[in-house]
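Encoded as structure tokens, the structure appears first; notes follow it.
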Amino acid sequence: MRHAPYELAAEFDRRLGDPSDAGRLFSHARCAALDDREEFPQEICRELDVLGLPAHYVPTEHGGTLRSYEEAVQLMRAVARRDLTVAIAHGKTFLGAVSVWVGGDRDQADALGAEIAGGTIVSWGLTEREHGSDLLAGEVLAERVADGYRVSGEKWLINNGTRGHLVCLLARTARDAGPRSFGILLVDKRKLDPASYRTLPAERLHGIRGADISGIAFADAAVPGTALVGPEGGGVEIVLKSLQLTRTLCASLSLGAADHALRLGTDYALRRENYGSLLIDLPQSRRLLALSYADLLLAEAVTVVASRGIHALTGELGVISAATKFFVPNLVEQAVKRLAKLMGSRALLVGDTHEHGRFQKVQRDHRIVGIFDGNSVVNLHSLVNQFPLLAKSYRRGTVDAAGLTAATTLTDPLPEFDRDRLTLLARGGCSVVQALPAGVAELTALVARGEVPESLERTAIGLKLAADELLAAIAAQRPAAVDVPAEAFDLAERYTACFAAAAAIQLWLRNRATVVDGPAGALWRSGLWLEAALTRLLGRLRPARPDGTDDVFERLVEPLVAQHEAGQLLSLLPYQQQEARR
Amino acid sequence: MTTPKQDTAATDTAATDPDAIRDWLLDRVAFYLERPVTDLRPDVKLVEYGLDSVYALTLCGDIEDEYGLELEPTLAWDHPTVDAIVTLLREMISGNR
């Protein structure tokens, strides 16, 4: 099967060349050296500009080449797989622009699209030194004057805060704090009086050390009225909607990191001998590798469904994005940690001794993904706030059938993204989760026909019971507007696991007949990857003694090695990698 | 900005009575805030009681269910007191008849 977003990403990867070739601009060697010097990857970013990546941040209706957010996710994953610092440094322009795609008028968006395609860097100024995730506490003030605004105050920990030409700023447009007291200003730093602003020094970081995470301080900066994006007072609403998109897209960074770490782990396990055996033949190492592969495939399945959901289940994105932004980075962080055990001391080496110290770098770099655009607590809290709706919709079994089919059927064309369908209240709850019982029933029917093993059915039924119990507990949870009890966060975390299980089931059901060839086909046959993913999730939701008679993770090792040996990405879908195999 | 939905859940006579709407709404808010309803005044901004802007979205979902209306989720942002919401709902419900 050929899947267009994967083909596009593979082609982009091909044009970047083999990263293990130190003569290439975007090579592992160069990324390691830049990290060592804490230096911004300027030349690599310029190369990405030349290859046309910025146009992929601009929707086609505004002159760019962003046809679907699923494509954007796979492209960013390909960049992140080489280097997270580069992906975060370059991809920031999309984050800076998204408020305009969501809330701007046509002329504004067209003009910004042309700027970005021409290489203009855009940053997103949300957070302040004293107020991290609490956007409503923001103090940067945009005071209305005759010809526009006078902006004062400081935004801090802003990605590309110094390098950005434009900054999309959330600023108070009213004195009283409140959800209608903020507006968005697309501030063009190139046109400001240089005396009216200054950029703050880049902070030194644990990971993504070369990135420009700095800030900007305004002092009575004159900004024209035309910089306003959407209505005055519409800033918070636009930002919250924009975050639904960016939180979903963040999963691409985690996937890229997982790709990178798992490849290093697999390479190592296939070459390293201990006690007279290759690591891959030692039961414990073999299991660490297979579990990490299962996690990556699950993270990939969730990301594919979520990114297609931007188009197909737009009205439910408030739930999907929060669940994805919590689940995928957390799962990948655990997988990387597990792979570090497999790698042993090699996971800690810096410098040229082992693979340019790539493992410790990817592990450090990935830490940030769980934090920006809403950290774990913010995303879980967002789900807690939606508990009454989620419980009610699950009980009623509400499912947007057409939307769910489009989000999960890879051969179906995606509907155009319609920003007017973004909403802060997911009235339908989450179709993916609400379709879990129906999906499990479908699996049961396939078992009856002998198409999938009974072990998959047992796992799926276990998950359905876990989901029923969880949603009953969520329904019984007393809504609390002020002090949210800790157990509510625990329930929300479990909800994200149900979301992941339900997404995986739908994705497998809708595509099992299409992905049949090669090593990827072996993953789909008999529901192998699905069973592995669901077994992981059931282990979280209902911890129990593992079934000793059949080890699904053992069955995963063969396709893992086959994909690796064929030079393919370790993935649910066939994807030829550019990197030379050793 | 707000569009009445076809199905009507609870638009009986009592529902259009402003006092009844106000009492129901105050009860909901008191429930979320875990405070006695007698503590709350309908002309005080909900945020001042600590009902944050995100939670106001949940309140919108409740009102939709109770009155069979489809509202802007940001209803309580633009109508920040119980009284303001009641006024809006009355207009919508009577306009819907």
Side-chain angles (χ1 to χ4, degrees), chain A residues 133-138 174 176-182 230-231 233-241 243-244 315 318-319 322 374 378-393 395-396 398 420-429 477-485, chain B residues 1-10 24-37 39-40 43-82 84-85 88-89:
Chain A
S133 303
D134 187 1
L135 297 180
L136 289 183
D176 291 346
R180 286 292 188 220
S181 304
F182 293 81
V236 170
E237 189 174 356
I238 293 170
V239 166
L240 290 176
K241 286 178 177 174
L243 284 168
Q244 292 183 4
V319 181
V378 167
N379 284 295
L380 293 179
H381 195 183
S382 159
L383 291 172
V384 171
N385 281 328
Q386 303 180 72
F387 272 177
L389 256 174
L390 298 177
K392 186 179 67 186
S393 312
R395 196 176 59 242
R396 291 179 184 168
T398 323
D420 293 338
R421 289 174 57 211
L422 288 172
T423 170
L424 302 185
L425 184 74
R427 288 191 180 78
Q477 184 77 18
R478 191 190 188 290
V482 186
D483 295 314
V484 181
Chain B
M1 130 180 177
T2 34
T3 45
K5 222 165 35 177
Q6 280 310 307
D7 67 303
T8 48
W24 176 82
L25 208 49
L26 281 169
D27 269 349
R28 270 331 279 171
V29 174
F31 173 70
Y32 288 133
L33 293 173
E34 301 182 62
R35 286 173 69 162
V37 69
D39 273 11
L40 305 177
D43 57 346
V44 170
K45 284 188 179 177
L46 296 172
V47 284
E48 285 174 29
Y49 288 125
L51 193 80
D52 79 19
S53 51
V54 178
Y55 225 83
L57 305 171
T58 309
L59 187 64
C60 171
D62 287 349
I63 301 172
E64 289 191 348
D65 265 9
E66 181 71 15
Y67 293 99
L69 301 164
E70 190 165 314
L71 306 163
E72 281 293 316
T74 49
L75 159 94
W77 296 9
D78 298 311
H79 306 271
T81 65
V82 165
I85 297 173
L88 175 80
L89 290 181

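Per chain, numbering begins at 1; letters A, B, ... match sequence-line order.
The distance from the CD atom of B:E64 to the CG atom of A:L389 is 8.5 Å, given to the nearest 0.5 Å. In this structure, OG1 on B:T74 lies 10.5 Å from CG on A:L240, to the nearest 0.5 angstrom.
Both the backbone and the side chain of A:L424 come within contact range of chain B, with heavy atoms under 4.5 Å apart. Residue contact with chain B, scored on non-hydrogen atoms closer than 4.5 Å, involves the side chain of A:P388 exclusively.
Across all non-hydrogen atoms, the minimal contact from B:T58 to A:N385 is OG1-O, 3.0 Å. Between A:L425 and B:C60, the shortest heavy-atom distance links the atoms CD2-SG, 4.0 Å.
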